[in-house]
Amino acid sequence: MIPFWQFVWIVIIGQMLIGAWLTFRLYPGKSASSNESETA
Amino acid sequence: MITLPLLQATEANIISTNVELVFGVILFALYSGVLLLIGLDGYRNTEVLNDYAIGAGRLKAWWIGLSFGVTYASANMFIGVPGFAYSAGTPALWWIAVFTGLPFIGIALISKRFYEIGGLGGQRDLTLPDWLGNRFDSPFLRIATGIISLLLAFYVAGQIIGAGTLFERIFGLPYIWGIGVSITIAAVYVAGGGMRSTILTDLLQSIIMMLIAVIVFFSGIWVFGWNFLGNAVQAAAAEGANTGWFTSETLPALFGGPIAVSSIAWLGLAFILLPHLLNRVLAVQNKRELREFVLFSGIGLFFCSAFMQWVGIYAYALNPNLEFADAAVPAYLAHAFPNIVAIAITVGVISAILTTTDSLLQGVAAIVGNDVYKYGVEAYWRGNVTPAQIKAGETPSAVERRSVWAARAGVVLTATIALYIAMARPSHLTIITQMGITGLLSGVTAPLLAGYLWRECSQRAAEAAFVVGFGSYLVLFVGGIMESFFVVYPVSTAVSLAVLVVITLAQSADNTLIDRWDRAFAADSEDDDRVSVEGSGD
């Protein structure tokens with residue numbers, strides 16, 4: 001089994017990636033044209 | 001009066017000569033000067049309550065995002081949390097495992113609709129009680145959450161106790177001066193410049209904090225070698241530290257097993273619901289900027305939270321015999337850096353304390369100005385303005401001016417209460433801090449979640465949930481039935497949610513609220529276009 005301190009990094013980086021993925025999924029970017037904002 | 005600290009400083013931890021003390025004092029004075037200048041800029045840019053409470057939509061989304069991240073992380077991450085790792089070993093790393101990425105996921109999930117609901121029917125909501133009051137059309141929820149928001153003064157007290165302790169250890173400044181200096185600086189620039197000054201000072205502070213976190217973390221390379229984390233953990237284990245997953249001896253209430261860890265995770269996630277953090281979402285200029293806001297919140301959270309706790313492990317590996325766990329970071333800094341650098345870093349840590357203090361003061365002040373004074377006194381009591389006029393942005397300018405000054409008085413009031421609590425120097429810092437947070441969250445969590453998720457939730461149900469949630473907190477915690485606020489909070493929230501569901505289902509549908517919800521989401525995309533056209537000239 002991996003040491004706990006390595007597991008902590010995996011958890012943190014995993015959560016950051018999920019957060020980033022959610023952000024791009026849920027929010028249209030600034031440059032998005034108005035019809036893209038309908039995808040909400 | 002300067003001679004007293006100069007004499008005492010020779011006893012202090014990092015500073016050992018008067019030259020170093022003068023360096024530290026000058027650095028802090030320069031830094032305070034910059035903060036006060038930012039306060040002056042904010043004062044010049046603040047005319048109406050909209051400016052004071054949310055910066056009138058003139059702040060860049062990435063500034064607001066970073067501010068969210070660093071405010072969430074707070075001074076605790078730079079002092080108390082490394083102390084947990086110092087005393088409990090690696091199991092304490094659960095703290096950063098749940099307090100770094102989870103709030104990022106939380107704010108990503110919640111911002112969108114919270115923002116949309118906050119813009120319904122006229123002027124954008126300014127505060128959390130404003131949001132709840134408008135969502136449920138409830139003067140009661142507005143005033144009641146407004147008043148219990150003053151509980152955040154406990155949290156402010158916790159911050160300045162940390163600052164006072166740091167000033168005392170580093171500069172040899174008497175404790176009472178340390179708390180006085182830190183609260184006064186924050187109160188002056190927040191009273192003057194409101195949200196604008198809070199966000200701009202947070203921007204400066206966030207850059208300092210992120211740099212410090214990264215530098216101190218990677219300084220492990222020259223202390224422990226390239227495999228610094230592995231080597232530090234091994235060295236700590238050799239000194240008798242726990243390097244496993246859970247702890248049964250030290251801090252088991254936090255890191256004792258899956259249940260303890262789940263309860264801190266729940267609190268970490270709920271933390272983003274506090275008014276001084278959620279009001280960041282309302283300050284974003286338009287919907288298209290939410291992505292930038294959320295991403296930078298994540299960046300701020302990551303850099304301010306993921307690194308500093310490791311220093312507790314480093315410090316234990318080097319010296320397992322420190323008298324106070326909170327001294328782990330100063331002790332490590334003194335070991336790993338030349339004194340001058342260590343002093344500069346410590347001044348930076350004091351800035352971490354100010355980011356949370358200023359946000360709390362600003363959050364409470366905006367609530368006092370908007371919800372307690374403008375709605376409570378001017379609208380409901382004296383009838384100088386109607387709630388509809390306020391929402392339409394047609395408040396008479398005399399009322400508006402008085403409300404801004406009421407908000408400023410709110411800063412002074414909160415700072416005074418916090419100073420009074422801190423003067424007694426209570427020994428259990430975490431308990432003081434958490435008392436305020438848990439009380440407030442016990443009341444608002446259920447109405448907030450339902451307001452956000454449940455279209456059919458009724459006004460009466462939300463009001464009852466607030467009363468029952470806050471009441472359970474009083475009975476269980478203040479009444480002494482449960483000792484751990486980590487347990488009290490989930491229990492009172494569960495009771496409050498149950499009440500909310502039962503009452504909503506028992507009543508006939510509340511069509512006024514449902515209609516408004518439907519119209520709001522239907523009108524939402526047009527509204528967004530209008531706002532962005534207006535904003536494009538900026």
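First the proteins, then the strands, lettered A, B, ... as listed; each starts at 1. As the structure is a computational prediction, the values presented were derived from the model and not from experiment.
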query = Is there side-chain contact between Leu295(B) and Phe24(A), with at least one heavy-atom pair below 4.5 Å?
reply = yes

ask   = More than 12 foreign heavy atoms under 6.0 Å from CH2 of Trp454(B): is that the case here?
value = yes

ask   = With a cut-off of 6.0 Å (strictly less than), are more than 12 heavy atoms of other residues, nucleotides or ligands near CD of Gln6(A)?
value = yes

message = Quick check against the 3.5 Å criterion: does Gln15(A) have a side-chain atom that pairs as donor or acceptor with the backbone of Ala97(B)?
response = yes

inquiry  = Are the side chains of Thr23(A) and Phe104(B) in contact, using a 4.5 Å heavy-atom criterion?
reply    = yes

task = Anything under 30° is parallel, anything over 60° is perpendicular, the rest tilted; go ahead and classify Phe7(A) against Trp245(B).
result = tilted

query = Quick check, are the ring centers of Phe228(B) and Trp5(A) under 6.0 angstrom apart?
reply = no

query = Stepwise, does the side-chain contact (heavy atoms from CB on, under 4.5 Å) test hold for Thr243(B) with Phe4(A)?
reply = CA-CA 7 Å; Thr243(B) 54; Phe4(A) 178 62; over 6 Å; no

ask   = Which bit of Ile96(B) is near chain A, if near means a heavy-atom gap under 4.5 Å: side chain, backbone, both or neither?
value = both

Side chain, backbone, both or neither of Leu109(B) within contact of chain A (heavy atoms, under 4.5 Å) = both

remark   = Here the gap from Leu102(B) atom CG to Met16(A) atom CE, rounded to the nearest 0.5 Å, amounts to 11.0 Å

Euclidean distance, Tyr27(A) OH relative to Lys287(B) NZ, rounded to 0.5 Å = 10.5 Å

request  = Return the minimal non-hydrogen interatomic distance between Gly19(A) and Ala108(B), and the atom names on each side.
outcome  = O-CB, 4.2 Å

query = Is it the side chain or the backbone of Ser305(B) that comes within 4.5 Å of chain A heavy atoms, both, or neither?
reply = neither

ask   = What part of Trp310(B) is in contact with chain A, defined as an atom under 4.5 angstrom from a non-hydrogen atom: side chain, backbone, both or neither?
value = side chain

request  = Step through the shown structure and confirm whether more than 12 heavy atoms of other residues, nucleotides or ligands are within 6.0 Å of CD1 on Ile259(B).
outcome  = no

note = Rounding to 0.5 Å, atoms CD1 (Ile13(A)) and OG1 (Thr100(B)) come to a distance of 10.5 Å

Interface moiety of Trp9(A) toward chain B, non-hydrogen atoms closer than 4.5 Å = side chain

